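None of the values given here were measured: they were computed from a predicted structure.
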Amino acid sequence: MTSATHSTLFPQVPDSADAVLDGLDPEQREVATALHGPVCVLAGAGTGKTRAITHRIAYGVRAGILQPSSVLAVTFTNRAAGEMRGRLRQLGAAGVQARTFHSAALRQLQYFWPKAVGGSMPRLVDRKIQLVADAAAACRIRLDRGELRDVTAEIEWSKVTQTIPADYAAAAAKAGRETPRNPAEIAQLYGTYEDLKRDRAVIDFEDVLLLTVAVLQDRHDIAEQVRSQYQHFVVDEYQDVSPLQQRLLDLWLGERDSLCVVGDASQTIYSFTGATPDHLLDFRTRHPAATVVKLVRDYRSTPQVVHLANGLLAQARGRAADHRLELISQRAAGPEPGYTEFTDEPAEAEGAARRIRDLIASGVPAGEIAILFRTNSQSEIYEQALADVGVPYQLRGAERFFDRPEVRKAGVALRGAARFGNNDSLLDEAVDLPSQVRAVLSGEGWTTEPPAGSGAVRERWESLAALVHLAQDFATAKAGATLSDLVAELDERASAQHAPTVQGVTLASLHSAKGLEWDAVFLVGVAEGMMPITYAKTDEQVEEERRLLYVGVTRARERLYVSWSLSRSPGGRPNRRPSRFLDGLRPGSVTTAGRGSTGGAGGIERGTGSRGGTAVRRTSRTPARCRVCGHTLNGAAEMKLMRCDDCPSDMDEGLYERLREWRAVQAQRSGQPAFCVFTDKTLMAIAETVPDDEGELARIPGVGVRKLNRFGADVLAICAGQELEGDEEDD
């Protein structure tokens, strides 16, 4: 399992600001160098958005344009924030704050509470479900475990959409929410929950945002202090911003526009939490002067996987679909996605487990394989199937790696060995760093062979095995590294929550797989009733389910397997059918819905209006592709020829020589160097294309309107094999 997009484990820090830009494609480079004014990056899945924005921050810092302490980068998960900090450290831009919205707000609230409110800040509750249960008891409303969870989710949604208890019923109806209980009951529970919090002097995570907003609104002196600290903002996954988070961002910004947002409306999958892509889609309206960069070059997935992903969105409806990005794969061709129908769910799980076992036997690492499902309840049957065939696995969404007890104990043991290793008999025969780590961790439960079966024992072993693998990679990347060096690396990774890869097949829900990628992905249970889920009733809810499947498809780099079962259990009625989202995409099916809308092309749009203006100049373009191999072209020289430098040329050599002779005469007449007439590359492009008319000639890069008017007739005559009439001087 790795985070998007795949990168070297221990890269060298770039030696200059310009070196930070090395390896970026034209659109990513545009993001990295657009350091002033509002910037909106529309980034398709696998297009390297995290790479683009971290290089943007690093370039600004290394070039002396941005002060590290003045930059605040915000995202939505601790893992994503940790990955961003890790990448910035590797680019030589340590000191930049990369946090979640809640973490950044909590830090500010804790600092300013004594000044803004006085006294100690209320205690923060980690889990609000017990408070909801107490509120239900106070209201004499009986809730089972599932209803407790659902009511808690409704309260969270209400708070991030800034809905008070008295307005809940009307707001839920307007939003088309399927309420788990009568709306009036939920409003009563919500109000009682708020009363209990006040009585117990506690706050929840949503209160952190609400209270920070209140402080910044009411205390202009504090707001100005925050704005003097943070002068440049970057927001990742902007399609997932809630109204409350947008309000906080507006207060952080004040009247400034030093803001870069990154997102993809087609990956909006958290609307049930209050997230909305409207802020992303309306960014140009709110900021007419914004530069908009579209990233569509997909470096993650093969053309076959990308074709399926584009096909899914081509049938989509709604506002997000109107702004979809059509991805262009930059990878070599791979296998076609596999589609398999099974009689029942156990057979589907066993089939996936057997195929995974075969993939591992063929050399695919277990950590590069994932099984993705719609609901967490589907996990158990796949855990058992993998255990039955002896395949290791890990559950996504479990405790964070560096918070696991066995990892903390291993860290203590490694730190002790680094400090007092000379007196440790365990290390007497350890000749290098990996063998030292294996020796130390053998005392913590690591063995060369994994334990049989599944469960907690296996999970602990997998955690220790991840540390062993990390030590091997570290020793390979850092020649002569010591145990103390590794301990320092682990401390930095723990601080950034930059966990090593655990060597086991990942089991995850589609929601928790967002932002991750694997070589091989198994999308299971892709049947009506599960995808889309039964309770997706409205068009908007169904379209979100489509986007969720799109996220699942785009997690795969090379191999993608899609499956469904006709019944739940052996012998059951085979009354299920494949998901409607696969209609027209899987072999033997036909399209039953959709409109085949055209996706957005990549490129750059620059706003030229003032902050309040409306003038916009659009320069959107599709990445140029080689006419021989189809790969995306880079650099002016390749684009002139419309082919890669190393692709074979079909140039007419005789025509090229005649054009060169003609150019020499024109250059002599005008008293200019030959390249001022046409460059060698432009002549080669003409000799390869052999245009028949002015339209074809004008489309060749390097032939502008002025040169077309001046030289067009001569060039077309030479291409047609005609002798030029006369030798008149040009006007």
Side-chain angles (χ1 to χ4, degrees), residues 1-3 9-10 77-87 89-90 98 100 103 126 365-368 370 383 392-421 424 426-427 430 433-478 481-508 512 515-516 518:
M1 177 186 69
T2 60
S3 300
L9 190 60
F10 299 103
T77 66
N78 287 317
R79 181 201 60 76
E83 181 192 350
M84 195 176 291
R85 286 193 295 271
R87 291 200 188 196
R89 176 167 63 93
Q90 292 166 352
T100 64
S103 172
D126 290 332
E368 292 294 352
E383 293 179 53
Y393 66 87
Q394 59 167 330
L395 288 173
R396 178 71 188 164
E399 198 172 19
R400 291 192 299 183
F401 182 83
F402 287 105
D403 292 339
R404 298 175 188 175
E406 66 272 16
V407 174
R408 291 202 302 268
K409 283 185 64 182
V412 171
L414 290 169
R415 189 169 288 104
R419 212 174 273 172
F420 309 110
D424 193 337
L426 275 174
L427 302 181
L433 177 60
S435 61
Q436 288 174 340
V437 172
R438 289 193 294 269
V440 173
L441 296 187
S442 64
E444 301 299 321
W446 179 81
T447 56
T448 54
E449 294 296 326
S454 58
V457 174
R458 180 57 177 260
E459 290 178 12
R460 285 195 294 271
W461 183 90
E462 294 288 356
S463 296
L464 297 177
L467 293 175
V468 171
H469 286 296
L470 179 67
Q472 292 168 343
D473 291 336
F474 188 70
T476 300
K478 310 282 186 181
T482 65
L483 202 50
S484 295
D485 295 331
L486 177 65
V487 168
E489 174 69 20
L490 290 175
D491 286 343
E492 289 189 3
R493 282 172 167 260
S495 174
Q497 284 298 327
H498 183 193
T501 300
V502 176
Q503 287 304 313
V505 173
T506 300
L507 296 174
S512 64
L516 302 173
W518 297 267

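- For the side chain to side chain contact (heavy atoms under 4.5 Å, CB included) test, no residue two or more places apart in sequence or in another chain qualifies with Thr476.
- Rounding to the nearest 0.5 Å places CZ of Arg419 at 12.5 Å from CG of Leu414.
- In this structure Arg415 satisfies the salt bridge (Lys or Arg N to Asp or Glu O under 4.0 Å) test together with Asp491, sequence neighbours excluded.
- In this structure, the side chains of Val468 and Leu464 stay at 4.5 Å or more apart for every pair of heavy atoms.
- Of all heavy-atom pairs between Ala81 and Ala98, the closest is CB-O, 3.7 Å.
- Heavy-atom minimum distance, Val487 versus Ala418: CG2-CB, 4.2 Å.
- One distance of note links CG of Leu516 with CZ of Arg79; it measures 5.0 Å at 0.5 Å rounding.
- By the side chain to side chain contact (heavy atoms under 4.5 Å, CB included) test, Pro365 is found to be paired with Glu368, Gln503, residues two or more places apart in sequence or in another chain being considered.
- Listed by chain and number, the residues in a side chain to side chain contact (heavy atoms under 4.5 Å, CB included) with Ala508 are Leu372, Arg396, Thr506, Ser512 (sequence neighbours excluded).
- Residues Leu470 and Val437 have side chains not in contact (no heavy-atom distance under 4.5 Å, counting atoms from C-beta outward).
- Across all non-hydrogen atoms, the minimal contact from Gln472 to Pro434 is CG-CB, 4.0 Å.
- Ala410 and Glu444 make their closest contact through CA-CG, 4.5 Å (heavy atoms, listed as atom of the first residue, atom of the second, distance).
- Within the 4.5 Å cutoff, the side chain of Arg85 has no heavy atoms near those of the Arg89 side chain.
- With sequence neighbours excluded, no residue satisfies side chain to side chain donor-acceptor pair (under 3.5 Å) with Ser484.
- With sequence neighbours excluded, the residues satisfying side chain to side chain donor-acceptor pair (under 3.5 Å) with Thr482 are Asp485.
- Closest approach of Gly367 to Trp518, counting heavy atoms only: O-CD1, 3.5 Å.
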